[in-house]
Amino acid sequence: MLDPKRIRTEGEALAKQLLVKKFELDVARMENLDQQRKTLQLETESLQNERNLRSKMIGKAKAAGEDISEILQSVDSMKAELETKKEQLHLVQEEITSYLMGVPNVPDDDVPEGNDEASNKEVLRWGEVKNYDFEIKDHAELGEALEQGLDFETAAKLTGSRFVVMHGNAAKLHRALIQFMLDTHTLEHGYTEVNVPYIVNSQSLLGTGQLPKFEEDLYKLRGDHDLYLIPTAEVPVTNLVRDQIIDADRLPLKYASHTPCFRSEAGSYGKDTKGMIRQHQFEKVELVQIVRPEDSNKVLEELTAHAEKILQLLELPYRKVILCGGDLGFAASKTYDLEVWLPSQDTYREISSCSCFTDYQARRMHARWRNPDSGKPELVHTVNGSGLAIGRTLVAIFENGQQEDGSIRIPKVLVPYMNGLELLS
RNA sequence: GGAGAGGUGGCCGAGUGGUUGAAGGCGCGCCCCUGCUAAGGGCGUAUAGGGGAAACCUUAUCGAGGGUUCGAAUCCCUCCCUCUCCGCCA
């Protein structure tokens with residue numbers, strides 16, 4: 001959520017910035033609603049104050065043994081007016097917050113203009129894209145040909161499209177990737193591993209910004225209990241600090257978490273129908289940092305570098321892009337996507353998304369820290385990124401490591417995690 | 001699923017339908033005293049919102065949401081969570 005005060009005082013400037021994100025802030029409507037709110041709040045509060053004063057007088061008069069019938073009547077007569085004012089005030093306040101909950105975060109000054117991914121700006125390329133002197137296959141083909149490989153058909157039988165069964169060494173490679181990434185982030189990059197619920201309530205999803213706007217992307221559990229499968233570990237991990245005031249010396253909090261992620265992928269029917277690129281269920285190692293406001297930009301760079309390090313160790317060629325306004329996520333102020341080279345598609349595909357959310361999620365979550373300079377609780381900043389998406393990493397290893405006979409070379413760093421196995425064949 | 005107990009400020013912990021934003025303690029901050037240290041004393045110490053240039057005024061908050069009442073931490077209802085015992089289960 002944006003700071004309501006800021007909308008009040010610098011609405012026009014914010015509206016201009018939000019245009020980069022293709023969002024039209026209705027400043028006039030907000031001003032109008034706020035004017036109503038102000039009037040109603042003043043009236044309501046002064047009525048309440050009056051009632052409180054008189055009620056206290058009743059207490060005193062009663063204790064002194066005086067007659068209270070007259071004052072009782074005078075306060076009784078205020079009741080109806082107070083009730084209606086209260087109701088009106090609540091309606092206006094609800095309208096304001098529900099509008100505010102739908103306003104995205106303001107993009108950082110670095111964010112380039114543009115409507116879609118075509119306008120994303122490349123900032124770095126790493127690694128050599130290999131030349132293959134044989135006809136290359138895509139990961140699905142490679143995986144299905146392996147005896148211990150990928151099995152989309154059986155997954156479709158078990159569940160439906162966009163699921164996969166991994167057998168034997170493919171499953172082991174998948175597990176090795178998780179282990180390797182967690183080890184690297186906890187041992188080399190200073191993150192603390194955390195294991196969290198895969199089911200969350202709506203409050204958590206409101207906190208990180210998936211709700212109320214993006215409910216159709218989520219799997220909701222049946223029953224009356226208001227629970228959802230997580231679309232990313234970002235939700236439970238970031239919400240660890242919801243409704244908390246964190247001691248300054250505990251910051252930054254650095255969490256690494258491996259979870260499955262569930263996405264209904266509504267509205268993406270045509271895209272990536274084949275293979276493991278886009279699944280309803282996939283796994284991810286997620287990095288989350290809770291930081292002091294002044295550090296968040298620097299931390300985004302660091303955290304992105306931590307994700308990049310994984311790609312480098314796996315010797316996978318990638319590029320780094322900064323997302324343009326139109327492609328930037330709802331709650332993010334700035335996002336770097338890491339895109340890995342996929343030979344079969346002759347292009348780079350997203351494998352990690354690292355974002356700074358400034359105080360946007362923190363305000364929704366009431367996540368604060370005690371600033372020693374002011375002595376006051378102030379909103380933290382949140383930063384997160386995938387480090388990395390496991391399934392897509394497996395895809396990249398299959399495709400980049402393929403050999404003419406259809407076998408797949410396992411990156412050196414993973415060999416120990418595969419108990420010495422160097423080749424999938 | 002059944003039975004019981006409980007949820008109060010950064011923490012512990014009292015609490016009567018009425019001047020309780022909430023005793024007391026711990027912690028924390030400032031100050032005093034003590035030639036160091038320990039001990040002691042004084043004062044202060046929640047959060048969010050609104051109005052105001054400011055001083056300051058004001059509203060709300062005792063798990064959440066409703067209700068009763070002139071007035072609710074206190075009474076009633078619903079829900080959530082924690083603990084103990086039983087059942088079931090990995």
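The structure displayed is predicted, hence computed values, not measured ones. In the text below, chain A, chain B and the rest are named by the order of the sequence lines, each starting its count at 1.
Separating the P atom of A46(B) from that of A53(B) is a span of 26 Å, rounded to the nearest Å. Nucleotides U74(B) and G21(B) are separated by 14 Å at their P atoms, to the nearest Å. Comparing the C1' positions of U68(B) and U78(B) gives a spacing of 15 Å, expressed to the nearest Å. Taking atom C1' on both nucleotides, A39(B) is separated from G17(B) by 44 Å, rounded to a whole Å. A14(B) and G24(B) have their P atoms separated by 15 Å, given to the nearest Å. When the P atom is used for both G2(B) and G9(B), the distance is 30 Å, rounded to whole Å. For the C1' atoms, the distance from A64(B) to U82(B) is 15 Å, rounded to whole Å. Spacing between C32(B) and G25(B) at atom C1', rounded to whole Å, works out to 23 Å.
Closest contact between the side chain of Arg368(A) and the listed nucleotides G50(B), A60(B), U47(B) involves U47(B). Out of U19(B), G18(B), G51(B), the shortest distance to the side chain of Ile58(A) is found at G18(B). Listed nucleotides: U59(B), G50(B), G18(B). Nearest to the side chain of Asn52(A): U59(B). The side chain of Val75(A) approaches C70(B) more closely than any other nucleotide in the set U58(B), C70(B), U47(B). The listed nucleotides are U19(B), C70(B), G50(B); the one nearest the side chain of Arg51(A) is C70(B). Considering only the side chain of Leu42(A), G51(B) comes nearest among C70(B), A60(B), G51(B). You'll find that the side chain of Gln48(A) is closest to U59(B), out of U59(B), G50(B), C70(B).
Here Arg250(A) does not reach the OP1 or OP2 of G10(B): none of its side-chain N or O atoms lies under 4.0 Å away. Between Arg370(A) and the phosphate of U47(B), there is a side-chain N or O to OP1/OP2 separation shorter than 4.0 Å.
Using a 4.0 Å heavy-atom distance criterion, Lys5(A) is classed as a sugar-phosphate-only contact. When heavy atoms are screened at a 4.0 angstrom cut-off, Arg363(A) is found touching no nucleic acid atom at all. Residue Lys79(A) is in sugar-phosphate contact alone, with no base atom involved, counting any heavy-atom pair closer than 4.0 Å across all strands shown. Within the 4.0 angstrom heavy-atom criterion, no nucleotide atom of any strand lies near Asp247(A).
Checking Tyr191(A) against Gln289(A) by side-chain atom types alone, a donor-acceptor pair falls below 3.5 Å. A donor atom on one side chain and an acceptor atom on the other are not found under 3.5 Å apart for Glu234(A) and Thr208(A). Using modelled atom types and a 3.5 Å distance limit, the side chains of His280(A) and Glu265(A) yield no donor-acceptor pair. Remark: the Glu193(A) side chain and the Thr186(A) side chain contain no N/O donor-acceptor pair separated by less than 3.5 Å.
Few gaps surround CD on Glu144(A); more than 12 heavy atoms of other groups in view lie less than 6.0 Å from it. Few gaps surround NZ on Lys22(A); more than 12 heavy atoms of other groups in view lie less than 6.0 Å from it.
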Could you write out RNA chain B as a dot-bracket string, with dots for unpaired bases, | for bases paired across to another strand, and Watson-Crick or G-U pairs counted at under 3.5 Å? ((((((((.[[[..)..(.....]]]((((((.......))))))((((((....)))))).[[[[[..)....]]]]])))))))....
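Between Pro293(A) and Leu379(A) the shortest side-chain heavy-atom distance does not fall below 4.5 Å. The shortest distance between side-chain heavy atoms of Val196(A) and Tyr255(A) does not fall below 4.5 Å.
Classification of the Phe180(A)-Tyr417(A) ring pair by plane angle, with boundaries at 30° and 60°, yields perpendicular.
Taking atom CG of residue Asp34(A) and atom C1' of nucleotide G51(B), one finds them 12 Å apart after rounding to whole Å. The distance from atom CG of Asn49(A) to atom P of A60(B) is 9 Å, rounded to the nearest whole Å. Counting to the nearest Å, the C1' atom of U20(B) and the NZ atom of Lys56(A) are 9 Å from each other. Atom CG of Asn201(A) is separated from atom P of G65(B) by 15 Å (rounded to the nearest Å). Regarding Leu379(A), its CG atom lies at a distance of 9 Å from the P atom of A48(B), rounded to whole Å. In this structure, the CD atom of Glu83(A) is 12 Å from the C1' atom of G67(B), given to the nearest Å. Rounded to an integer number of Å, the gap from Ile245(A) CD1 to G10(B) P is 6 Å. Between Lys62(A) atom NZ and U69(B) atom C1' the separation is 10 Å, expressed in whole Å.
Between Thr44(A) and Glu378(A), the one whose closest nucleotide on RNA chain B sits nearer the 5' end is Glu378(A).
Counting distance only, with no hydrogens placed and no angle test, the side-chain atoms of Lys38(A) and the base atoms of G50(B) include no donor-acceptor pair under 3.5 Å. With hydrogens and angles ignored, no donor-acceptor pair under 3.5 angstrom links the side chain of Gln93(A) to the base of G50(B).
Judged by distance alone, the side chain of His185(A) and the main-chain N or O of Leu287(A) form no donor-acceptor pair under 3.5 Å.
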